[in-house]
**Q** 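Please find one structure pasted underneath; my questions will follow.
In each ligand, atom 1 is the first atom listed, and ligand 1 is the first ligand listed. Below, each value reflects all heavy atoms present in this structure, side chains not excepted, and no hydrogens, waters or symmetry copies. Residues: numbered from 1 along the sequence shown.
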Amino acid sequence: MDRTSRVVSAEELERQRAFAARVRDHYALRGRMPLAWTQTFGCQQNEADTELIRGMLAEMGFGFCEDVDEADIVLINTCAIREHAEDRVYGNVGELSHAKKKNPALITVLCGCMAQQKHVAERIRSSYPYVDIVFGTHALPRFPQLLFECISRKKRVFDLEGDERGYILEGVEPVRQKGRRAWLSIMYGCNNFCSYCVVPYVRGRERSRTPEAILAEFKSLVAQGYKDITLLGQNVNSYGSDLGGACDFPTLLEMIDEVPGEFWVRFMTSHPKDASTRLFDVMARSERICSSIHLPVQAGSDRVLHEMNRRYTAEKHLSLVDYARSVMPDITMTSDIIVGFPGETDEDFQKTIDLLERVRFDSLFTFIFSPRRGTKAWDMPDPMSRENKQRNFDRLLAVQNRISREKNDEYVGRRVRVLVGEEENEKSYNNEYTKQSRTEGFKLVYLRGAEGLEGRFVDAIIERSSTWALFGAVADGESR
Ligand code: 5AD
Ligand code: SF4
């Protein structure tokens with residue numbers, strides 16, 4: 001390990017490559033390409049991690065399959081953010097027992113945020129004997145070694161080890177999803193310890209990739225034809241705070257905006273306590289940074305925000321929103337809201353509704369509080385009944401759905417730039433608006449007249465709207 005940065009050392013990379021070669025040899029003896037099946041739960045960061053793991057699997061000689069029954073290795077990358085996410089993982093892991101019965105040589109792997117927690121690993125060890133490999137987020141760079149140990153010694157392997165400062169893995173080429181959209185991790189981990197959140201415990205401390213590494217990967221994505229690239233980090237606005245002043249997030253955006261090519265760049269997630277007016281100024285000035293931001297506010301009551309350890313007030317959030325709109329009047333904004341944080345009263349909740357009415361986000365990700373073991377909120381008194389929380393949650397959805405609908409209605413008749421995707425929509429109006437596309441603000445637009453324009457930026461005239469999507473026609477003069 002390099003002392004000044006958290007980047008996995010060249011020696012360690014070599015060591016893992018040697019294990020990768022031995023895994024490749026092991027499967028090569030069988031005379032056909034081994035296949036891997038992967039499944040990802042949770043956030044985009046997890047998607048990006050799975051793409052890295054798929055990169056390692058490709059290096060080990062694996063191809064990929066869509067059908068579990070064809071797989072030689074099954075890997076589930078897990079999420080720990082809410083109980084519901086964990087329950088779904090346990091359900092899917094349970095089903096692996098059937099796959100294993102059908103094919104006893106199958107290697108089953110559980111990794112990621114859930115697997116980083118000791119109590120989860122213990123439960124897997126005792127109750128799910130058909131899971132062969134369990135490794136946490138910190139052990140990700142050691143995956144080739146873990147796989148080799150499992151297949152050569154024919155025994156279960158558990159690896160939850162690792163410094164909680166975490167690591168950065170460079171030099172592995174991710175195997176990305178097909179299409180025009182790509183994730184690019186610019187940093188890992190989180191230092192914020194919001195009192196409800198398990199992320200800092202399972203992903204370790206904040207560490208930033210160097211601007212050089214990010215730019216090199218970005219350019220390669222553009223060269224490969226990716227056109228909608230999302231920069232990822234748990235809190236992108238503190239990017240670079242561990243790089244000794246070499247670069248901060250707005251500066252990174254400026255550098256990326258100078259890369260030649262036709263693309264859009266977006267980023268997530270922004271913490272309101274660290275988002276600066278300079279960030280919005282750079283976004284407003286830039287050519288290819290989308291006027292779009294995900295700015296999780298979580299709650300509208302200052303008392304609840306304080307208990308959540310968010311370190312901003314509703315007023316500070318509103319002033320950011322106002323500033324962003326003053327320099328980018330068309331900016332789209334989305335947010336996360338937690339309903340029913342311990343001790344939140346109906347009066348507190350009303351402040352969340354008031355904030356939503358004031359800000360008018362384009363859309364929201366809404367969650368009912370889920371206690372996470374090891375976090376501060378786990379032990380907080382939580383007197384509000386589940387029914388009361390559900391009632392508030394339903395009310396929140398109704399308010400937001402109305403706002404989303406009203407905001408989408410404003411688009412009807414407008415000309416907007418969209419990136420045409422590959423996917424078709426089966427439930428379009430009269431089968432007319434079939435092609436899926438996205439605006440700069442990441443609004444979903446179903447298009448008519450877009451055949452043959454996949455992967456292109458075109459202008460569209462919006463003709464209809466709904467709560468969830470816009471419907472439009474490719475504008476005259478857009479050539480095939
Ligand atoms: N319960 C409910 N929602 C949570 N989130 C994070 N932790 C919890 C939890 N324990 C939500 C927050 C965060 C989003 C990714 O998930 O809103 O912004
Ligand atoms: Fe969790 Fe807060 Fe970090 Fe986001 S900023 S990952 S909510 S601790």
**Q** What do you reckon, are the aromatic ring centroids of Phe367 and Phe393 less than 6.0 Å apart?
**A**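 No; Phe393 has its ring centre 6.0 Å or more from that of Phe367.
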
**Q** Can you pull out the closest protein heavy atom to atom 3 (Fe) of ligand 2? Residue, atom name and distance to 0.1 Å, please.
**A**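 For atom 3 (Fe) of ligand 2, the nearest protein heavy atom comes out as Cys190 SG, 2.2 Å.
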
**Q** Using a 4.0 Å cut-off to any heavy atom of His271, which atoms of ligand 2 qualify?
**A**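 Listed by number with element, the hits are 5 (S).
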
**Q** When you compare the side chains of Tyr196 and Gln298, does any donor N or O come within less than 3.5 Å of an acceptor on the partner?
**A**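 Yes, side-chain donor-acceptor contact under 3.5 Å.
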
**Q** Can you pull out the closest protein heavy atom to atom 7 (S) of ligand 2? Residue, atom name and distance to 0.1 Å, please.
**A**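 The closest heavy atom on the protein side is Tyr196 OH, 3.4 Å.
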
**Q** Side chain, backbone, both or neither: which part of Pro200 has a heavy atom under 4.0 Å from ligand 2?
**A**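 Just the side chain.
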
**Q** Between Arg54 and Thr38, do the side chains contain a donor N or O and an acceptor N or O under 3.5 Å apart?
**A**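 There is such a pair between these side chains.
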
**Q** Would you kindly say whether Arg395 and Thr352 are connected by a side-chain donor-acceptor distance under 3.5 Å?
**A**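 No, no side-chain donor-acceptor pair sits under 3.5 Å.
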
**Q** I need the single residue from Phe442, Phe267, Phe365 that forms a ring-ring contact (aromatic ring centres under 6.0 Å, His included) with His294. Which is it?
**A**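 Output: one option passes, namely Phe365.
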
**Q** With a 4.0 angstrom cut-off on heavy atoms, strictly below it, pick out the residues next to ligand 1 and order them by chain and number.
**A**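 Ligand 1 is contacted, at a heavy-atom distance under 4.0 Å, by Ile81, Arg82, Tyr196, Gln298, Asp336, Ile338, Phe367, Ile368, Phe369, Ser370, Arg372.
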
**Q** Drop me the distance from Phe41's CZ to Glu47's CD, to the nearest 0.5 angstrom.
**A**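 Output value for this atom pair is 11.0 Å.
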
**Q** Should the heavy atoms of other residues, nucleotides or ligands under 6.0 Å from NZ of Lys273 be counted, would the total exceed 12?
**A**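 Result for NZ/Lys273: enclosed.
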
**Q** Can you find a non-hydrogen atom of Arg310 under 4.0 Å from ligand 2?
**A**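 Under 4.0 Å: yes for Arg310.
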
**Q** If we ignore hydrogens and angles and just use 3.5 Å, is the side chain of Thr50 paired with the main-chain N or O of Asn46 as donor and acceptor?
**A**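 Between the backbone of Asn46 and the side chain of Thr50 there is a qualifying donor-acceptor contact (under 3.5 Å).
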
**Q** Can you name the atoms of ligand 2, numbered from 1 with element, that are less than 4.0 Å from a heavy atom of Gln234?
**A**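 Taking each heavy atom of Gln234 in turn, ligand 2 has 6 (S) under 4.0 Å.
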
**Q** If I take every N, O or S atom of Cys194, is at least one of them less than 2.8 Å from atom 2 (Fe) of ligand 2?
**A**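 An N, O or S atom of Cys194 is closer than 2.8 Å to atom 2 (Fe) of ligand 2, so yes.
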
**Q** Do Asn77 and Asp49 have a side chain donor and acceptor closer than 3.5 Å?
**A**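 Absent: no donor and acceptor within the cut-off.
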
**Q** Side chains of Ser465 and Asn408: do they bring a donor and an acceptor to under 3.5 Å?
**A**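 The criterion, which ignores hydrogens and geometry beyond distance, is not satisfied for Asn408 and Ser465.
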
**Q** Which atoms of ligand 2 are found less than 4.0 Å from any heavy atom of Asn192?
**A**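 Contacts of ligand 2 toward Asn192, numbered from 1: 5 (S).
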
**Q** Output yes if Cys197 passes the N/O/S-under-2.8 Å test against atom 1 (Fe) of ligand 2; output no otherwise.
**A**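 So Cys197 does bind atom 1 (Fe) of ligand 2 by this criterion.
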
